[in-house]
Asks: 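Below are the structure tokens for one structure; questions will follow.
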Amino acid sequence: MEKILYREGFAAEELPNEVIERIKGVSYKENPHVKLGDLAYLRVRYYDFEHKVQSGELIVARKLAQEVLDIFYELFEGGYEIEKIRLVDEYDADDERSMADNNSSAFNYRVVAGTNTISAHSYGRAIDINPLINPYIVGNKVMPANATEYADRDKAFDHKIDRTDLCYCIFRRHGWKWGGDWNNSKDYQHFYKEYDSPLKMAVNKLKRALLR
């Protein structure tokens, strides 16, 4: 792919060699499903919890690179606060550690917690936002473990993702789904994009163009 210079501080490109060296054997494991060439490396700008501008990095599916840049640019323009955006490799690809540090991230070749199912994160088609404050809840189990104070979603607190939240609205406008809508569990941090048919992709692209 050609490098996408989207806006100042927003860019996407093929995985640089230094990034490949960082992720091989950590978030990226040799597997039959996802190749390094299927992924793209993104730089984005965001506001941290002190509302200071920061630079973050993400790895996502190559085919979603432009769309993810759109999403994070809209979040930035809306002044949306994200505590940190780092590759999960800074936590040795340990999802619990990354979530516990409230790190927002995307690609990580792994299974869904507590299952043998390959996660959408493995394909670079899922992004977790402020995961400590927006935990993953299955029954009485809260992940990360230090997020119990945020498990009651009837309480009001800063950076809570619900259906009125700007983050939710932007991701949904781009056709992403939200783990907070699940019935048997709730993953309030989790946005994911399912595979579309070529026709549906073309229709969605036209819709997004008309909304701009």
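Quick caveat, the model's predicted, so the values are computed rather than measured.
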Asks: From Ile129 CD1 over to Ile82 CD1, what is the distance, rounded to the nearest 0.5 angstrom?
Replies: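 It comes to 4.5 Å.
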
Asks: Just verifying a value: how many Å separate Asp128 CG and Ile85 CD1, rounded to the nearest 0.5 Å?
Replies: 12.0 Å

Asks: Just so I know, are the side chains of Phe49 and Ile133 near enough to count as touching, which here means a heavy-atom distance under 4.5 Å?
Replies: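 SC-SC contact between Phe49 and Ile133 confirmed.
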
Asks: Please indicate whether Lys29 has more than 12 foreign heavy atoms, meaning atoms of other residues, nucleotides or ligands, lying under 6.0 Å from its NZ.
Replies: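 Counting neighbours around NZ of Lys29, more than 12 heavy atoms of other residues, nucleotides or ligands fall under 6.0 Å, so yes.
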
Asks: Would a single hydrophobic cluster contain both Val53 and Leu58, if residues Ile, Leu, Val, Met, Phe, Trp and Tyr are joined by side-chain heavy-atom contacts under 4.5 Å?
Replies: yes

Asks: With a 4.5 Å limit on heavy-atom distance, are the side chains of Arg43 and Glu13 in contact?
Replies: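 No; the side chains remain at least 4.5 Å from each other.
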
Asks: Side-chain heavy atoms under 4.5 angstrom apart, residues restricted to Ile, Leu, Val, Met, Phe, Trp, Tyr: same cluster for Tyr80 and Tyr47?
Replies: yes

Asks: Taking NZ, NE, NH1 and NH2 as the nitrogens, is one of them in Asp101 or Arg86 under 4.0 Å from a carboxylate oxygen of the other?
Replies: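 Yes, charged N to carboxylate O under 4.0 Å.
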
Asks: Quick one: do Glu57 and Arg22 make a salt bridge, cutoff under 4.0 Å?
Replies: yes

Asks: Any salt bridge linking Arg97 with Asp92? Criterion: basic side-chain nitrogen under 4.0 Å from a carboxylate oxygen.
Replies: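 Between Asp92 and Arg97 there is a salt bridge, with a charged N closer than 4.0 Å to a carboxylate O.
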
Asks: Taking the side chain as every heavy atom from C-beta outward, state whether Asp48 and Glu81 have any pair of such atoms under 4.5 Å apart.
Replies: no

Asks: Would you call Val44 and Ser55 a side-chain contact if the rule is heavy atoms closer than 4.5 Å?
Replies: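 The answer is no; the side chains never approach within 4.5 Å.
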
Asks: Output the distance between atom NE2 (His121) and atom CD1 (Ile127), rounded to the nearest 0.5 Å.
Replies: 9.0 Å

Asks: Shortest non-hydrogen contact from Gln189 to Pro131?
Replies: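 Closest approach of Gln189 to Pro131: OE1-CB, 3.2 Å.
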
Asks: Taking Glu67 first and then Lys193, would you say they form a salt bridge - that is, a charged N and a carboxylate O separated by under 4.0 Å?
Replies: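 The answer is yes: the pair qualifies as a salt bridge.
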
Asks: Of all the heavy-atom pairs spanning Val138 and Ser185, show the shortest one and how long it is.
Replies: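 Closest heavy-atom pair between Val138 and Ser185: CG2-CB, 3.8 Å.
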
Asks: Answer whether the closest heavy-atom distance between the side chains of Tyr91 and Met99 falls below 4.5 Å.
Replies: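 Side-chain contact under 4.5 Å: no.
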
Asks: Any chance you could lay out the side-chain hydrogen bond (donor to acceptor under 3.5 Å, both in side chains) test for Asp38 and Tyr123, step after step, and finish with the verdict?
Replies: CA-CA 8 Å; Asp38 297 331; Tyr123 301 95; over 6 Å; no

Asks: Cation-pi check, Lys24 to Tyr28: give yes when NZ or CZ is under 6.0 Å from the six-membered ring centre and within 45° of the ring axis, no otherwise.
Replies: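 Cation-pi check for Lys24 and Tyr28: fails.
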
Asks: Can you tell whether the side chains of Lys186 and Asp181 come within less than 4.0 Å, N to carboxylate O?
Replies: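 Here Lys186 does not pair with Asp181 in a salt bridge, since their nearest N and O are not under 4.0 Å apart.
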
Asks: In Å, rounded to the nearest 0.5 Å, how long is the span from OG of Ser98 to NZ of Lys84?
Replies: 9.0 Å

Asks: Taking the side chain as everything from C-beta on, heavy atoms only, tell me whether Leu87 gets closer than 4.5 Å to Ser27.
Replies: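 No, their side chains stay 4.5 Å or more apart.
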
Asks: Below 6.0 angstrom between ring centroids: does that apply to His190 and Tyr192?
Replies: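 Yes; Tyr192 has its ring centre under 6.0 Å from that of His190.
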
Asks: Would you say Tyr73 and Val68 are hydrophobically clustered, going by side-chain heavy atoms of ILVMFWY under 4.5 Å?
Replies: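 The answer is yes; both residues are in one hydrophobic cluster.
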
Asks: I'd like to know if Val88 and Ile20 are part of one continuous hydrophobic network [Ile/Leu/Val/Met/Phe/Trp/Tyr, side-chain heavy atoms within less than 4.5 Å].
Replies: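 Different hydrophobic clusters.
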
Asks: May I ask you to say whether Asp95 pairs ionically with Arg110, meaning some side-chain N is under 4.0 Å from a carboxylate O?
Replies: yes

Asks: Could you tell me whether Arg173 and Glu74 make a salt bridge, using a distance below 4.0 angstrom between a side-chain N and a carboxylate O?
Replies: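 Looking at Glu74 together with Arg173, the answer is yes, because their closest N to O distance falls below 4.0 Å.
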
Asks: Hey, are the side chains of Tyr150 and Asn134 touching, using non-hydrogen atoms and a 4.5 Å cut-off?
Replies: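 Side chain of Tyr150 against side chain of Asn134, heavy atoms only: no contact under 4.5 Å found.
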
Asks: For Glu18, does the CD atom sit with more than 12 other heavy atoms under 6.0 Å from it, leaving out its own atoms?
Replies: yes

Asks: Between Tyr136 and Tyr188, is the gap from one ring center to the other below 6.0 Å?
Replies: no

Asks: If hydrophobic clusters are built by linking Ile, Leu, Val, Met, Phe, Trp and Tyr wherever their side-chain heavy atoms come under 4.5 Å apart, do Val60 and Ile4 end up in the same one?
Replies: yes

Asks: Other residues, nucleotides and ligands only: do more than 12 of their heavy atoms fall within 6.0 Å of NZ on Lys177?
Replies: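 No - once you tally the heavy atoms of other residues, nucleotides and ligands closer than 6.0 Å, there are 12 at most.
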
Asks: Take Tyr168 and Trp178, measure what ring-ring contact (aromatic ring centres under 6.0 Å, His included) needs, and give me the verdict at the end.
Replies: CA-CA 8 Å; Tyr168 170 87; Trp178 181 48; 5.2 Å; yes

Asks: Measuring from Cys169:SG to Ile161:CD1, what's the distance to the nearest 0.5 Å?
Replies: 11.0 Å

Asks: Going by the angle between their ring planes, with limits at 30° and 60°, are Phe72 and Phe171 parallel, tilted or perpendicular?
Replies: perpendicular

Asks: Taking the side chain as everything from C-beta on, heavy atoms only, tell me whether Leu36 gets closer than 4.5 Å to Ile23.
Replies: yes

Asks: Looking only at non-hydrogen atoms, find the nearest pair between Phe191 and Cys167 and report the distance.
Replies: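 Taking every non-hydrogen atom into account, CE1-SG, 3.8 Å.
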
Asks: What distance separates Tyr46 OH from Ser104 OG, expressed to the nearest 0.5 Å?
Replies: 8.0 Å

Asks: Does the cation-pi check pass for Arg45 over Phe10, that is, NZ or CZ under 6.0 Å from the six-membered ring centre and within 45° of its axis?
Replies: no

